[in-house]
Amino acid sequence: MPTIPPADPLWRLVIEGVSLRQEAGIESRLAIGNGLLGVRGARAASRGATWRAWLQPGAWISWPRVYCAGLFDTPNTTPAVPALAPLPDWLPLVIRLDGAPLLLQSGETLLHRRTLDLQRGWLTAEWRQRMPPTDGQAGAEASLRTLRLVSQADRALGLQSAELELDRDGVEVEVEARVDLAAAGLEVVALDSDAVLLRTLATGRQVALAAAVKCDTGTPLDAPPLSWRWRWQSVAGTPARLTRLVAVVRDATSAEEARTALHRGEKRGRALPLDHATAWAERWAGADVALEGETGWQAAVRFALYHLIAVANPEDGRVSVGARGLSGDGYLGHVFWDTETYLLPFYTFAWPEAARALLMYRYHTLDGARAKAAHEGWKGACFAWESADTGKETTPEEVIGPAGTPVAVLTGKQEQHITADVSHAVWQYWLATGDEDFLLQAGAEILLETARFWTSRALPEADGRRHIRGVIGPDEYHETIDDNAFTNTMARWNIRRGLEVLDLLAARWPDRAAALREKLAIGEDEPAAWHTAAEGLVDGFDPETGMIEQFTGFYGLEKIDLTALPPGPADVVLGRARTQASQVVKQADVVALLGVLPEEYPAAVALKNFLYYEPLCAHGSSLSRAMHALVAARLGETETAAHYLTSTAALELEDAAGEAAGVHIAALGGLWQAVVLGFGGVGVDAEGLSLAPRVPAELPRLEFPLHWHGRRVRVTLRPDAWKVKLEQGNEMTLRVNGTAYTLQPGGVAEG
Ligand code: BGC
């Protein structure tokens, strides 16, 4: 059933040809996913011998990978940290024509095109290859069209279909559809002809996979387990059709569980791709952002939303999104602050069910966070800087640096702001959804345990103030610093929200408040201690100058003109020691503070600080530019915002862009934020939803949906006009530029 790709170029990503140098990055961009399964966009058919060759030491030409969210194992590496374990690759197709393998390098490629259909969440490929005549064989032209998807409607299921056509009669065609068990980082527990039960070696987690493959042409041949083979004589112009359905069940006890899921898929039959496309259509209805104009941002934002939708799973509160989503092995699949600070705003406003599941992951890993705090001698819960499935700290303590020598990694011990970042996402979700069940079952506990952590972490000193020493802020070029403004201000905010939630619970759900206080053993005097800690915390802000010092002593460091440096990462160009002793900032840090807590600073203060810190930033992390775009857009610094939006978009979509390690999912979430929270000026607080649009002239129209308290509104903005329609749900009030408007169901407000 390979289908016609969308006519609108803004709903598709087309890759022509195979460029070995770029292939691994292309595979990341062309990844498909449904929050449970992720499949890189590696070619399925006749991959050939170059498949496993080295292009350069340490880099594969192609990196075919299938992932299952949350399936971590601890491989035999130093240091031993958990990594996302690859599943068997269920897509390979091996084709032989008159006994000769059909390979890219063994004939003339007339067409090789892959199209990622962003709208329907599937990947199609067209390949036309002329095989030359050989010893008595006449040669032939083969056309192959394939499609793959992992179902958004039933996440256990994956589907591949292929059509193979020859241009002449009588070619002996042999096709083998394999499930490549060798590609998996898993041990086989039980193997049948149609299913396998696998296990991670170190952690003993099981996963089952079942497959069924059908071909409408040819004679089936004997094949090893989980392989299917057919042979036939070609008839010119008559395609042979192959369909493969797979089912994957994580944490299965037997292969039978995968078979049961497979039968579900088989029952849906031809409706399966339609179910999937319908589910994607629903996602888009709740999430799409339309941008008119010549900026090129529409393609980038669609691509971003596609990947954001592809990595989340509202049905699973035990997994979160790793730094490269399910599109590559980067950062071993570990979860960072990227999720809460860069992704959650999108999910909260566009797909609240997914946001809830991601926050439940933090709730389910609270014990790991409690253990981390206790281990370091603190109270409450301190979330892991890098987290896998249990919430235990998984940051490697050492990596091999660019010079080939080991470099100590201190982030696992020192980058603690993540704990407040999680709380911030919890509170934003609560404000935007009013999800009482979540607050009472999970959110409040996170806020209280983290408030308690910060109180124990912010110690009183001789100056009568509280200090947080020995941390790393978002700017990782500076280690073991004191009183990072981002960390301290977020910590204070976190403690204040802990106190607020205690009051809220006591006022509205006194029984729950009492039960929670008892469960967490929050004594009578403890809230007062939290208050003292929060209000005593230094925050780097000088009311006289209106400046926020990134950390104590920052202003005394060498100031370096980044525009005068030769190209390359600043810390490599300058060397580590000089970078650390300078005001060169790896990524948005004070700027991130302005982005995450805009309500803390008047616009003039925010602008002054933005103008100071922006030129100091080397953007040594892919997260950085999008955050600059968000802050600049909010401040009405339109040209700067546009510059950062364009450069964020280029991270994935420029020709040479794309990394084998996977897409930069946080930057993609940041794109959404820059547009919707930045130009749209969307915000949420205890009084409700608000807009303060600042739409630049280059965007004649900007339109997006927002979810708020079970309702959905559609916002349409122009440089000099705005309109909000209440599409779903009951009457509500929202503020636009400070004025309140009441919307009736289906009603519109505009100005
Ligand atoms: C950045 C972090 C980020 C991590 C994973 C690092 O390079 O500095 O802020 O969390 O990558 O994306």
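Every heavy atom of this structure was used, including side-chain atoms; hydrogens, water molecules and symmetry mates were not. In listed order, ligands and their atoms are each counted from 1. Being a predicted model, the structure only gives us computed values, none of them experimental.
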> Only counting residues at least two apart or in another chain, list the ones meeting ring-ring contact (aromatic ring centres under 6.0 Å, His included) with F610.
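For F610, the residues satisfying ring-ring contact (aromatic ring centres under 6.0 Å, His included) (neighbours in sequence not counted) are H628.
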> Just need the protein heavy atom nearest to atom 11 (O) of ligand 1, so name the residue and atom and give the distance.
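In this structure, atom 11 (O) of ligand 1 has Y331 OH, 3.2 Å as its nearest protein heavy atom.
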> Looking only at protein heavy atoms, which one is nearest to atom 7 (O) of ligand 1, and what is the separation?
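For atom 7 (O) of ligand 1, the nearest protein heavy atom comes out as K586 NZ, 3.0 Å.
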> With a distance cut-off below 6.0 Å to the six-membered ring centre and an angular limit of 45° from the axis, does R497 pair with W493 as a cation-pi contact?
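Yes, R497 sits over the ring of W493.
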> How far is atom 9 (O) of ligand 1 from its nearest protein heavy atom, and which residue and atom name does that atom have?
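It is W337 NE1, 2.9 Å.
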> Which of the numbered atoms in ligand 1 are under 4.0 angstrom from any heavy atom belonging to L623?
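Selected atoms, number and element: 9 (O), 12 (O).
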> Nearest protein heavy-atom contact for atom 5 (C) of ligand 1: which residue, which atom, what distance?
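For this ligand atom, the closest protein heavy atom is D338 OD2, 3.4 Å.
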> Walk me through it: do E353 and R356 pass the test salt bridge (charged side-chain N to carboxylate O under 4.0 Å, His left out)?
CA-CA 5 Å; E353 297 82 0; R356 184 190 218 268; over 6 Å; no
> In a check of salt bridge (charged side-chain N to carboxylate O under 4.0 Å, His left out) between E479 and each of K413, R576, K586, which one passes?
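When K413, R576, K586 are each tested with E479, the salt bridge (charged side-chain N to carboxylate O under 4.0 Å, His left out) holds only for R576.
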> So, does Y342 sit close enough to ligand 1 that a heavy atom of it is under 4.0 Å from the ligand?
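Contact absent.
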> Report the part of W385 in contact with ligand 1, treating N, CA, C, O as backbone and CB onward as side chain, heavy atoms under 4.0 Å; options are side chain, backbone, both, neither.
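W385 to ligand 1: side-chain contact only, backbone stays beyond 4.0 Å.
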> Do R362's NZ or CZ and the ring of F383 fall within the cation-pi criteria of under 6.0 Å and 45°?
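Yes - R362 lies over the ring of F383, closer than 6.0 Å to its centre and within 45° of its axis.
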> Run through H478, H424, H417 and flag the one making a ring pair (Phe, Tyr, Trp, His ring centres under 6.0 Å) with F486.
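Testing F486 for a ring pair (Phe, Tyr, Trp, His ring centres under 6.0 Å) against H478, H424, H417 leaves exactly one candidate, H417.
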> Report yes if some heavy atom in the side chain of Q416 is under 4.5 Å from a heavy atom in the side chain of F453; otherwise report no.
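Contact flag for Q416/F453 side chains = yes.
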> Need the ligand 1 atom indices (1-based, order shown) with element for anything under 4.0 Å from a heavy-atom of A323.
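What qualifies from ligand 1 is 5 (C), 12 (O).
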> Nearest to atom 2 (C) of ligand 1, what protein heavy atom do you find, and at what distance?
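Here the nearest protein heavy atom works out to E476 OE2, 3.6 Å.
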> Atom 1 (C) of ligand 1: which protein heavy atom is closest, and how many Å away?
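For atom 1 (C) of ligand 1, the nearest protein heavy atom is Q587 OE1, 3.4 Å.
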